[in-house]
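Notes follow once the structure below has been shown.
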Number of protein chains: 2
Amino acid sequence: MLDVRRLHLLRELDRRGTIAAVAEALTFTASAVSQQLGVLEREAGVPLLERSGRRVILTPAGRSLVAHADAVLNRLEQAAAELAGARDGIGGPLRIGTFPSGGHTIVPAALAELARRHPALEPTVREIESARVSDGLRAGELDVALVHDYDFVPATPDTTVDEVPLLEEPMYLVSPAGGEAMSAGEAEALRTGGAEALRTGGAEALRTGEAAAKSGSGDTLAALLGPCAEVPWITARDGTTGHAMAVRACQAAGFQPRIRHQVNDFRTVLALVAAGQGAGFVPEMAAVPSPAGVMLTKLPLFRRSKVAFRAGGGAHPAIAAFVAAATTAVDVMAGSGGRVRNPA
Amino acid sequence: MLDVRRLHLLRELDRRGTIAAVAEALTFTASAVSQQLGVLEREAGVPLLERSGRRVILTPAGRSLVAHADAVLNRLEQAAAELAGARDGIGGPLRIGTFPSGGHTIVPAALAELARRHPALEPTVREIESARVSDGLRAGELDVALVHDYDFVPATPDTTVDEVPLLEEPMYLVSPAGGEAMSAGEAEALRTGGAEALRTGGAEALRTGEAAAKSGSGDTLAALLGPCAEVPWITARDGTTGHAMAVRACQAAGFQPRIRHQVNDFRTVLALVAAGQGAGFVPEMAAVPSPAGVMLTKLPLFRRSKVAFRAGGGAHPAIAAFVAAATTAVDVMAGSGGRVRNPA
DNA sequence: ATCAAGCATAAGTTCAGCTTAGGTGTGAAG
DNA sequence: CTTCACACCTAAGCTGAACTTATGCTTGAT
């Protein structure tokens with residue numbers, strides 16, 4: 001019988017690219033991983049890896065074996081979740097990952113709700129970029145995470161992670177409050193009306209580039225972003241999905257953004273724009289309460305927040321409890337402020 | 001992560017009933033099995049077994065964990081089969097199990113075909129009752145097996161075994177050639193006409209007891225078996241599906257058979273009937289060439305032969321080769337004799 | 001050329017998982 | 001009721017699979 005631990009190593013190798021990375025993630029030495037993969041290969045009777053430069057890559061047989069490994073490990077996760085559900089009481093540590101802006105919006109509310117309903121749970125929050133969440137979950141460093149993706153930055157399908165949608169919110173262009181400045185009241189009116197686009201499923205059609213042309217209010221992305229084509233831009237840090245979203249949105253609007261500042265914190269983006277340093281993007285959640293000194297323009301461009309966890313783990317009581325708490329938190333925020341909305 | 005080897009033990013315990021039987025099947029000591037199951041239970045955090053008299057039975061949590069174990073082990077079998085397919089060439093040992101009458105009908109033809117197409121394969125044949133095939137396959141004593149079931153004896157669904165249908169043949173009543181005796185020619189004519197019932201899917205409707213009333217030719221089971229109600233019967237040995245089929249068929253015809261002889265070999269059944277010892281049942285395959293001294297009556301009652309193998313193993317090249325060879329063998333027999341038929 | 005990254009192999013070490021041995025509770029048979 | 005065999009569990013010791021450490025090779029960047 002194929003050894004599942006070895007299949008696990010093979011899967012991690014497929015995901016992380018090098019034996020050294022696998023070893024580090026699973027706190028082994030590279031030697032141990034190399035040996036075990038060697039045994040797996042011998043047992044399989046088929047070459048699973050081949051050297052490529054100074055690393056190894058999977059052969060087609062190896063990749064197909066990884067697909068089986070995914071299925072097996074997912075099912076084991078499911079079994080473990082079910083067992084956890086059979087144990088009475090929800091408690092123990094729960095390691096939560098979150099993208100930075102989630103840390104001061106959804107997470108605190110969700111934690112409060114979680115503590116109210118399951119006092120025995122010991123949640124631990126760690127900030128983490130969405131791109132690294134999958135690795136963190138698989139390595140067992142995280143149990144659950146808040147992640148997001150943007151239009152123009154398609155989330156790569158990942159069979160090792162399951163996701164529950166939490167929130168879909170429009171992005172805003174933040175530009176210096178200058179000539180055609182918009183008052184806070186005007187911005188609020190725009191926001192309220194814009195909720196309609198969300199409900200009619202317009203966001204779904206906007207995920208691809210060309211679809212951005214048909215904006216609900218008749219304003220195309222090009223028309224909305226165009227005035228800022230020559231302005232310096234403030235985007236999220238290089239390598240993040242927020243950065244990629246900003247660049248591609250501007251490209252879709254027909255220009256290449258001149259990026260001057262790179263900061264991930266949306267409050268800093270707002271402050272920089274207010275200081276006349278350029279234009280940027282913020283999600284609706286960061287746009288309310290309406291900050292002073294900047295102009296906000298709702299864009300036909302959405303950010304989707306989700307709860308992610310190891311594939312098969314959805315039935316785990318602590319995971320389910322967190323999903324419920326996060327959903328409640330989002331619903332409460334949506335109900336009180338009228339500014340965000342649960343897509344479910 | 002749950003240890004798959006331990007899940008395997010749990011599954012075997014569910015199937016075999018005692019730790020001692022599991023140990024024997026997997027060539028461990030009972031102590032080892034007990035210890036490993038103890039570890040599994042501790043890791044699960046939920047009682048999985050409880051003592052019941054001097055044996056142990058699974059708790060609901062244990063049984064639900066077995067379902068996951070089945071899924072995981074099936075998938076691993078699939079992975080192994082795929083790897084075997086990636087290794088070039090079909091060869092090595094192939095342990096084949098067969099029900100007794102298959103041993104001198106389908107198996108020899110299938111082996112010849114197999115040897116022609118895959119000379120490197122080393123098949124080993126072992127006779128085994130269909131009821132024990134599942135255990136044999138799971139224990140790794142068998143790779144593939146010919147099995148059968150009868151109308152009136154529903155096959156218990158088994159998630160650990162996959163099956164490919166091979167042959168569906170009518171059963172015949174064998175009665176002493178006496179008063180209303182039927183010549184060999186007459187019997188042949190009956191057989192030829194009866195093939196129609198097979199094609200029209202009548203057999204499917206006949207699997208349950210009450211369905212036996214609507215026979216294709218207008219002859220009900222009761223009408224066909226009735227004349228032999230008072231005759232002694234020759235059935236398969238107690239505890240076999242053949243025995244159960246005989247008893248239930250007679251019960252469905254409205255009488256309790258008086259069983260005098262119990263033999264599994266259909267040629268012996270024919271010989272005993274010819275010797276005036278009573279009546280019996282034989283499948284079509286044993287009814288041709290038409291034996292002398294007995295009367296044959298085709299019944300609206302079918303036997304289905306299948307190839308069985310470990311769930312997920314269908315893609316294994318040697319298994320697939322055997323299935324193909326057995327199918328070919330059956331087709332050839334059906335074509336030449338016109339007496340059996342592949343349901344596919 | 002030099003150096004670090006990455007993988008593989010050799011050798012030593014450790015602990016999980018096995019066997020053996022012995023004890024307990026259960027159910028059947030005398 | 002006693003006896004005995006069966007099934008399971010626990011304790012103790014042993015063995016080998018799987019890990020670490022140490023070392024060398026190849027590759028690609030500086």
Side-chain angles (χ1 to χ4, degrees), chain A residues 1-59 61-63 65-66 69 73 76 135 139-140, chain B residues 1-59 61-63 65-66 69 73 76 135 139-140:
Chain A
M1 191 169 53
L2 289 163
D3 187 323
V4 174
R5 295 183 65 233
R6 295 191 182 116
L7 292 179
H8 185 201
L9 294 178
L10 190 70
R11 172 169 93 159
E12 289 305 311
L13 179 61
D14 183 46
R15 300 289 191 281
R16 299 181 191 267
T18 73
I19 289 181
V22 173
E24 212 231 310
L26 306 189
T27 58
F28 285 132
T29 60
S31 176
V33 175
S34 175
Q35 286 176 53
Q36 290 304 308
L37 287 174
V39 173
L40 177 63
E41 196 164 19
R42 209 164 339 112
E43 284 175 349
V46 184
L48 299 176
L49 330 169
E50 59 186 5
R51 292 209 59 143
S52 161
R54 56 182 169 186
R55 29 179 56 199
V56 290
I57 56 172
L58 298 198
T59 63
R63 261 175 281 118
L65 194 51
V66 166
L73 293 166
L76 286 175
D135 282 353
Chain B
M1 191 168 52
L2 288 164
D3 186 323
V4 174
R5 294 182 67 235
R6 296 189 181 119
L7 292 180
H8 185 200
L9 293 179
L10 191 70
R11 171 168 94 158
E12 290 304 313
L13 179 60
D14 184 44
R15 299 291 191 281
R16 299 183 191 265
T18 74
I19 289 182
V22 174
E24 212 232 310
L26 306 188
T27 60
F28 285 132
T29 60
S31 176
V33 175
S34 175
Q35 285 175 52
Q36 290 305 308
L37 288 174
V39 173
L40 177 63
E41 196 163 18
R42 211 165 336 115
E43 284 175 348
V46 185
L48 299 176
L49 331 169
E50 59 185 5
R51 290 209 62 145
S52 160
R54 55 184 172 187
R55 28 181 56 199
V56 289
I57 57 172
L58 298 198
T59 62
R63 261 175 281 117
L65 193 52
V66 166
L73 292 165
L76 286 176
D135 282 354

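Predicted model only: the values in this text are computed from it and were never measured. Throughout, a chain's letter reflects where its sequence line sits, starting with A, and its residues are numbered from 1.
- At a threshold of 4.0 angstrom between heavy atoms, the contacts of Val39(A) with the nucleic acid are absent.
- Between dT19(C) and Thr29(B), a contact under 4.0 Å exists linking OP1 or OP2 to a side-chain N or O.
- For Ser31(A), taking side-chain heavy atoms from C-beta onward, the closest of the listed nucleotides dG6(C), dT9(C), dT19(C) is dT9(C).
- Considering only the side chain of Asp3(A), dA18(D) comes nearest among dT20(D), dC7(C), dA18(D).
- Protein atom CG of Leu40(A) is 17 Å distant from nucleotide atom C1' of dC7(C), rounded to whole Å.
- Rounding to whole angstrom units, NE2 of residue His8(B) and P of dG17(C) are separated by 16 Å.
- The phosphate of dA8(C) has OP1 or OP2 within less than 4.0 Å of a side-chain N or O from Ser34(A).
- Using a 4.0 Å cut-off, no side-chain N or O of Gln35(A) falls inside it from OP1 or OP2 of dC19(D).
- Mapped onto DNA chain D by nearest heavy atom, Arg51(A) and Ala32(A) fall at different nucleotides, with Ala32(A) at the one closer to the 5' end.
- Look at CE on Met1(B): it is 16 Å from P on dA16(C), rounded to the nearest Å.
- Side-chain proximity of Arg54(A) to dA4(C), dC19(D), dA7(D): nearest is dA4(C).
- Counting to the nearest Å, the C1' atom of dT20(C) and the CZ atom of Phe28(B) are 16 Å from each other.
- Projected onto DNA chain D by closest heavy-atom contact, Leu49(B) and Ser52(A) fall at different nucleotides, the more 5' of which corresponds to Leu49(B).
- The nearest whole Å value for the distance from the CZ atom in Arg42(A) to the C1' atom in dA8(C) is 13 Å.
- Closest contact between the side chain of Gln36(A) and the listed nucleotides dA18(D), dG6(C), dA7(D) involves dA18(D).
- Atom pair Leu37(B):CG and dA7(D):P shows a separation of 16 Å (rounding to whole Å applied).
- Residue Glu43(A) contributes atom CD, which lies 11 Å from atom P of dA17(D) at whole-angstrom precision.
- A salt bridge links Asp135(A) with Arg16(A): the closest approach of a Lys/Arg side-chain nitrogen to an acidic carboxylate oxygen falls below 4.0 angstrom.
- Spacing between atom CD of Glu50(B) and atom P of dG25(C) amounts to 18 Å, rounded to whole angstrom units.
- Applying the 6.0 Å contact sphere to CD of Glu24(B) captures no more than 12 heavy atoms from other residues, nucleotides or ligands.
- In this structure, the side chain of Thr59(A) engages the main chain of Pro47(A) through a donor-acceptor pair within 3.5 Å.
- Looking at the side chain of Arg5(A), the nearest of the listed nucleotides dA18(D), dT10(D), dT20(D) is dA18(D).
- Side-chain N or O atoms of Ser52(A) include none that pairs as donor or acceptor with a backbone N or O of Ile57(A) at under 3.5 Å.
- Here the side chain of Glu41(A) pairs a donor or acceptor atom with the backbone of Leu48(A) at under 3.5 angstrom.
- Here Arg6(A) reaches the OP1 or OP2 of dA18(D): one of its side-chain N or O atoms lies under 4.0 Å away.
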